[in-house]
Amino acid sequence: MCGIVGYIGKEKNALNILINGLKALEYRGYDSAGIAYFNKNKIITIKEKGKIEKLEKIIDYSIESNIGIAHTRWATCGDATKINAHPHSCGKITIVHNGIIENYDELKEQLQKDNYKLISETDSEIIAVLLNKYYEEYNDIIKAIIKTKQIIKGSYAIAILCADINDKIYAIRKDSPLIVAKNENASFIASDVPAILNYTNKYTILEENEIAILSNKDISFFNNELQPIKKKMLTFKGNSIDAQKGHFKHFMLKEIFEEKDIIEKIIKKYNTIEKLEKKLGFLTKYDNITIIGCGSAYHVGLIAKYLLEEYANIPVNIEIASEFRYKNNFLNKKSLAIFISQSGETADTLASLREVKKDKIDTLGIVNVQESSIAREADKVIYTEAGPEIAVATTKAFIAQLVIMNLITIYMGNKKGKIKIEDLNEILTNFDNLKKQIENILNNSYKEIAKKIYQAQNIFFLGRNIDYGIAMEGSLKLKEISYIHSEAYPAGELKHGTISLIEKNMPVISIVTKEHIFDKTISNIKETKARGSFNIVISNKTVNDCDINILVPNINPILQPILVTIILQLISYETANLKGCDIDKPRNLAKSVTVE
Ligand code: G6P
């Protein structure tokens with residue numbers, strides 16, 4: 001949800017560093033982009049509508065500068081136009097902002113009454129205006145920052161340049177992520193670590209209400225009372241190569257192909273009962289679980305609900321974070337609240353975590369990004385360790401979350417006496433079989449399936465029980481990247497109204513893997529066929545009454561969702577590819593949603 005970068009160093013290649021940093025953050029939004037840098041003691045701003053490559057075309061890299069800030073935008077307040085692109089300036093102040101200023105309307109009204117002219121439609125411009133107003137009043141940038149912080153409400157990570165001070169960048173944040181990094185020649189700020197990995201892996205996280213002042217020699221940190229604070233530098237363990245496409249046409253395809261190695265890596269960490277005991281032993285004290293997440297992370301929760309209830313006999317409630325945070329919850333001392341999030345920064349998931357913590361309920365984060373807010377604030381964290389995920393639509397992080405939930409299921413199932421130790425060991429040690437089945441799926445082509453569906457206006461996904469959870473994710477993936485409207489429905493529910501939408505040749509993709517309800521779902525598929533639909537059935541048994549039957553290898557039912565999900569990811573990918581969509585950066589989306 002908007003990416004910001006700042007650089008100040010001894011080298012005069014700020015433009016290059018800023019643009020490279022933005023490219024690594026483009027997953028956070030790509031409606032418009034801009035940079036501001038000092039040149040001969042003047043701040044120069046360049047911005048452009050559209051993706052960073054458009055901005056890059058108008059940048060003259062021969063211009064020397066050793067200090068600048070930059071932004072890639074996911075529009076929240078104001079259209080995706082050049083005027084609304086960041087940086088925003090007022091008088092001597094230039095800023096970039098990630099977040100939302102919630103009291104924007106009231107501040108705008110007040111400033112307009114005082115004859116301030118706003119140029120853009122953004123809430124962010126208000127920050128520049130306020131900073132400049134108080135800078136003029138106090139002639140002290142820090143005092144202006146503190147005063148502005150007292151006035152603005154909402155979420156923000158802000159980088160600030162002041163035209164009178166050409167050797168410092170100022171940064172503040174509240175509820176939006178910001179890291180501060182260093183090497184021997186330079187200091188950096190960024191919304192996320194990949195932006196700085198080409199230059200350093202030493203960073204720290206700016207905490208709520210702290211102020212950072214960056215120079216080319218050092219970084220100083222202060223609290224709200226302006227007392228200096230010492231911060232520990234962290235070392236990022238990944239590398240920038242992980243964030244390169246290699247020979248794949250898209251990051252999404254590369255990330256789907258990485259899934260089998262990620263699954264192997266995770267399972268190896270937990271492959272004995274002793275290891276499970278050590279890492280998951282705390283789970284046995286709970287008698288009910290609530291899982292909270294957004295988007296695909298919510299779908300992992302949905303699949304996990306079916307798994308945990310069936311194989312571990314524990315009631316599971318699942319909640320969409322943006323709904324959960326504003327309603328009563330009925331958690332108690334025997335409840336565990338699990339927060340699933342790839343980024344660890346999703347605003348609604350983070351806010352839900354904070355709500356639950358207020359009630360002193362135990363919390364567990366299942367998170368991909370190290371040291372992200374959810375990882376730091378949850379009582380316990382399990383890292384999914386899927387590596388940096390670049391494609392906006394999640395694939396490998398989803399699979400990694402699913403594997404963690406699989407492991408939680410078998411561990412709790414064993415403790416509850418529902419899963420025998422032999423079966424548990426079989427899942428933990430017979431990874432080769434799963435790997436072979438994944439390889440077979442990856443070696444198949446789903447182009448022919450894509451050809452059958454890519455021109456459709458509407459598609460249904462059907463399934464019962466856990467297959468419904470998988471259908472939800474399959475449908476979301478297709479919508480996100482191919483822009484085909486699709487709905488996922490519990491197969492038995494379709495007839496209560498929605499079946500009226502079935503038209504001749506409308507694709508219906510059904511998932512049928514659960515033995516005890518196999519015939520029930522097949523009957524529902526026939527009901528759509530009788531109304532002219534084109535039926536694709538993904539099943540672990542041969543199905544005759546359909547147009548295309550994709551056979552998925554029959555493996556342990558706890559692991560079965562992994563295989564079906566990979567097939568659905570590949571179908572979505574091929575469909576979007578055939579339509580010529582921008583697969584890694586679908587329109588209107590952002591990977592890390594740090595606003596409500
Ligand atoms: C965005 C992404 C989705 C993701 C959701 C939750 O909407 O586009 O792919 O599932 O956020 O993200 P999280 O980082 O919390 O898993």
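This chain uses plain numbering: 1 for the first residue, then up along the sequence. Atoms considered below: every heavy atom in the structure, side chains included; atoms not considered: hydrogens, waters and symmetry mates. Note that ligands are numbered from 1 as they come in the structure, with each ligand's atoms numbered from 1 the same way.
Salt bridge absent: Glu319 and Lys305 never bring a charged side-chain N and a carboxylate O closer than 4.0 Å. The pair Lys260-Glu264 does not count as a salt bridge, with every side-chain nitrogen at least 4.0 angstrom from each carboxylate oxygen. Contact check on Glu26 versus Lys51 returns no salt bridge, with no Lys/Arg side-chain nitrogen under 4.0 Å from an Asp/Glu carboxylate oxygen. Ion pairing between a basic and an acidic side chain is recognised when a charged N comes within 4.0 Å of a carboxylate O; Glu56 and Lys23 show such pairing.
Between Gln401 and ligand 1, no N or O atom pair is found at a separation short of 3.5 Å. Considering backbone and side-chain N/O of Lys477, none are found under 3.5 Å from N/O of ligand 1.
Residue-ligand proximity, Glu480 to ligand 1, at heavy-atom distances under 4.0 Å covers atoms 8 (O), 9 (O). Near Ser341, the atoms of ligand 1 lying under 4.0 angstrom from a non-hydrogen atom of the residue are 13 (P), 14 (O), 15 (O), 16 (O). For ligand 1, the atoms sitting less than 4.0 Å from at least one non-hydrogen atom of Thr394 are 9 (O), numbered in the order shown with element in parentheses.
Contact annotation: for Ala590 versus ligand 1, heavy atoms closer than 4.0 Å belong to the backbone alone. With a heavy-atom cut-off of 4.0 Å, Lys591 touches ligand 1 through its backbone alone.
The closest heavy-atom contact to atom 14 (O) of ligand 1, among the options Ser343, Ser372, Ala391, comes from Ser343. Evaluated by nearest non-hydrogen atom to atom 10 (O) of ligand 1, the leading choice among Ser296, Ala397, Ala393, Gly293 is Ser296.
The protein heavy-atom contact nearest to atom 15 (O) of ligand 1 is Thr346 OG1, 2.4 Å. Protein heavy atom nearest atom 7 (O) of ligand 1, with residue, atom name and distance: Val593 CG2, 3.8 Å. For atom 6 (C) of ligand 1, the nearest protein heavy atom (residue, atom name, distance) is Cys294 O, 3.4 Å. For atom 16 (O) of ligand 1, the nearest non-hydrogen atom of the protein is Gln342 N, 2.7 Å.
Residue Tyr156 qualifies as enclosed at atom OH: its count of foreign heavy atoms under 6.0 Å is above 12. When the shell of 6.0 Å around NZ of Lys327 is examined, it contains more than 12 heavy atoms from other residues, nucleotides or ligands. Atom NZ of Lys479 is surrounded by more than 12 heavy atoms from other residues, nucleotides or ligands within 6.0 Å.
Contact analysis leaves Ser592 out of contact with ligand 1, as no non-hydrogen atom separation drops below 4.0 angstrom. Not a single heavy atom of Leu589 sits closer than 4.0 Å to an atom of ligand 1. Judged by the shortest distance from any of its heavy atoms, His299 lies outside the 4.0 Å radius around the atoms of ligand 1.
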* **Candidate pair Tyr199 and Phe188, rule ring-ring contact (aromatic ring centres under 6.0 Å, His included), full reasoning** => CA-CA 9 Å; Tyr199 317 102; Phe188 307 82; 5.5 Å; yes
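Geometric assessment of Lys380 against the ring of Phe282 yields a positive cation-pi assignment under the 6.0 Å and 45° thresholds.
Residue Glu210 is tested with Lys174, Lys231, Arg173 for a side-chain hydrogen bond (donor to acceptor under 3.5 Å, both in side chains); the sole match is Lys231.
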